[in-house]
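The structure appears right after this line, and notes come after that.
In this text the structure is predicted, and so the values were computed from the model without any measurement. Excluded from the calculations below are hydrogen atoms, water molecules and symmetry mates; all remaining heavy atoms, backbone and side chain alike, are included.
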Amino acid sequence: MEQYETINMSAIQKNNNELRRNIKDSVFTRMFRESKYLLQLYRALHPEDTTTTENDLKTITLEPIFIKEITNDLGFAVKDKLFILVEAQTTISVNIIIRSFLYLAHTYQEYFKETEQNLYGTKPVTIPEPEFYVCFSKSANTDKESITLSEEFFGGKKTALEVRVKVITAENGKGIIEQYIIFTRVLDAQVKKFGYTRKAIEETVRICKAKDILREFLEEHEKEVVSIKISLYSQDEIYEMFLRDIKKESRAEGRAEGKEDVAIKMIEENIEPGMISRLTQISLERINELKTMLTNNMQLANE
């Protein structure tokens, strides 16, 4: 049996959901962490409001530090009058309706604690109005402007609870949100051409800047975007990509390589050490030792 196969595949699969929850720092969430881009997003959703400023917006995204079981892509408040929750997905999934409801419940819970309102008192509490959006970056194959809990889960029957999520696609998106969708589609095209490689990401950045797609953000954060997108490749894609490359090299040179060689390849591609550790089941301490060794070797080579 080849040494590669000693990598704990069951452990990798077991950690899949945890990795996907923890690695939330995508281009989408990173971009809208900045108030100027968040304002552009709000104005794309509410073009009728021309008076709201950056100072009127407050990020309320659920953070994994405080809520381990549930985190969302983006949440923000507008003048404490409106809560807007936005999710970015590659394909249609009506389960986003239920997740959005759970995100809102947690968000309201935190809001009532912060504002010290008594839910058990007789005086009505003040509560911001909610809005849900889901941004489908790939072809949505739907003409629905919104999806609802009653239609998708109860056959149209009205129940005690209704949740409506507005659907944003390239066809109905505007402003910065439309640009984000185009960015993801350009990336998909480059991945098909170059595979899950740094080249695909760098070409995506180059093309989008040339076409004035998220140009300002990409110019400000180009290196960070490349690093983010590499870390966001699913663990299966990362594992298969590096394992395939290692196997090819090993067969060509008539040698057998193991987990540490996969880890070294990942380090060279600037994959986050925690992810490398989870994928290869090598301790974080050893990953850092390998990283230091590579750095030292590079310094010696350049002397």
Side-chain angles (χ1 to χ4, degrees), residues 17 20-21 24 26 28-29 31-32 38-49 52 57-64 67 69-112 117 119 124-185 188:
N17 291 333
R20 290 183 182 278
R21 283 198 303 269
K24 299 296 291 184
S26 67
F28 183 88
T29 54
M31 181 164 58
F32 295 123
L38 189 60
L39 180 60
Q40 290 181 40
L41 171 62
Y42 172 68
R43 288 183 173 167
L45 300 175
H46 285 274
E48 77 285 354
D49 183 354
T52 293
L57 306 179
K58 177 185 177 182
T59 300
I60 55 172
T61 305
L62 300 174
E63 298 293 342
I67 303 174
E69 297 302 322
I70 183 170
T71 59
N72 62 333
D73 286 343
L74 176 65
F76 63 99
V78 184
K79 301 178 182 178
D80 284 330
K81 301 293 184 182
L82 185 66
F83 278 174
I84 297 179
L85 277 65
V86 186
E87 293 297 302
Q89 294 191 322
T90 55
T91 55
I92 286 283
S93 172
V94 296
N95 292 329
I96 192 62
I97 301 170
I98 297 174
R99 296 206 308 273
S100 295
F101 168 70
L102 294 176
Y103 300 152
L104 180 66
H106 280 286
T107 301
Y108 275 151
Q109 187 176 34
E110 294 300 311
Y111 174 76
F112 291 135
Q117 297 190 69
L119 292 176
V125 298
T126 59
I127 181 171
E129 178 184 346
E131 288 185 358
F132 300 120
Y133 297 88
V134 60
C135 171
F136 291 117
S137 55
K138 290 187 178 179
S139 179
N141 294 323
T142 181
D143 56 359
K144 292 183 178 180
E145 295 184 356
S146 62
I147 50 179
T148 65
L149 187 69
S150 59
E151 290 292 336
E152 302 297 339
F153 292 92
F154 301 112
K157 179 183 177 181
K158 301 299 181 182
T159 68
L161 176 67
E162 179 63 296
V163 179
R164 180 180 301 275
V165 180
K166 295 182 180 179
V167 176
I168 302 175
T169 65
E171 290 69 34
N172 64 12
K174 297 179 180 179
I176 196 169
I177 197 72
E178 179 186 27
Q179 290 184 44
Y180 168 76
I181 295 174
I182 295 173
F183 168 83
T184 62
R185 292 186 175 183
D188 287 342

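For the side chain to side chain contact (heavy atoms under 4.5 Å, CB included) test with Phe153, the passing option among Thr159, Asn95, Thr148 is Asn95; the others fail.
The environment of Arg43 atom CZ is dense: over 12 non-hydrogen atoms of other residues, nucleotides or ligands sit within 6.0 angstrom. Around NZ of Lys79, the count of heavy atoms belonging to other residues, nucleotides or ligands within 6.0 Å exceeds 12.
The shortest distance between side-chain heavy atoms of Gln117 and Tyr111 falls below 4.5 Å. Contact check for Asp80 versus Thr126: no side-chain heavy atoms found under the 4.5 Å cut-off. Tyr180 is not listed as a side-chain neighbour of Leu41, based on a closest heavy-atom distance of 4.5 Å or more. At a threshold of 4.5 Å between non-hydrogen side-chain atoms, the residues Ile168 and Val134 do not count as touching. In this structure the side chain of Leu45 reaches within 4.5 angstrom of the side chain of Ile84, judged on heavy atoms. When side chains are defined from C-beta on, Phe32 counts as touching Ile176, because their heavy atoms get closer than 4.5 Å.
Residues Ser150 and Lys157 share a closest heavy-atom pair of CB-O, 3.4 Å. The heavy-atom pair separating Thr61 from Gly75 by the smallest distance is OG1-N, 3.0 Å. For Pro47 against Ala44, the heavy-atom pair with the smallest separation is CD-O, 3.9 Å. Scanning both residues, Leu38 and Thr59, for their nearest heavy atoms gives CD2-OG1, 4.0 Å. Asp73 and Val86 make their closest contact through CB-O, 3.5 Å (heavy atoms, listed as atom of the first residue, atom of the second, distance).
A salt bridge does not link Lys144 to Glu151: none of the charged side-chain nitrogens sits closer than 4.0 Å to a carboxylate oxygen.
Less than 6.0 angstrom separates the ring centroid of Phe83 from the ring centroid of Tyr108.
Annotation: the span from Ile96 atom CD1 to Glu152 atom CD amounts to 12.5 Å, rounded to 0.5 Å. Note that OG1 of Thr107 and CZ of Phe112 are 11.0 Å apart. Values are rounded to the nearest 0.5 Å. Separating the CD1 atom in Ile177 from the OG1 atom in Thr169 is a distance of 11.0 Å, to the nearest 0.5 Å. Taken to the nearest 0.5 Å, the CD1 atom of Ile98 stands 9.0 Å off from the OG atom of Ser93. Put simply, CZ on Phe28 and CD1 on Ile181 are 9.5 Å apart, with the number rounded to the nearest 0.5 Å.
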Evaluate side-chain contact (heavy atoms from CB on, under 4.5 Å) for Leu82 paired with His46, printing each intermediate quantity in order. CA-CA 12 Å; Leu82 185 66; His46 285 274; 4.0 Å; yes
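The backbone N or O of Glu145 lies less than 3.5 Å from no partner atom in the side chain of Asn172, so there is not a single donor-acceptor pair.
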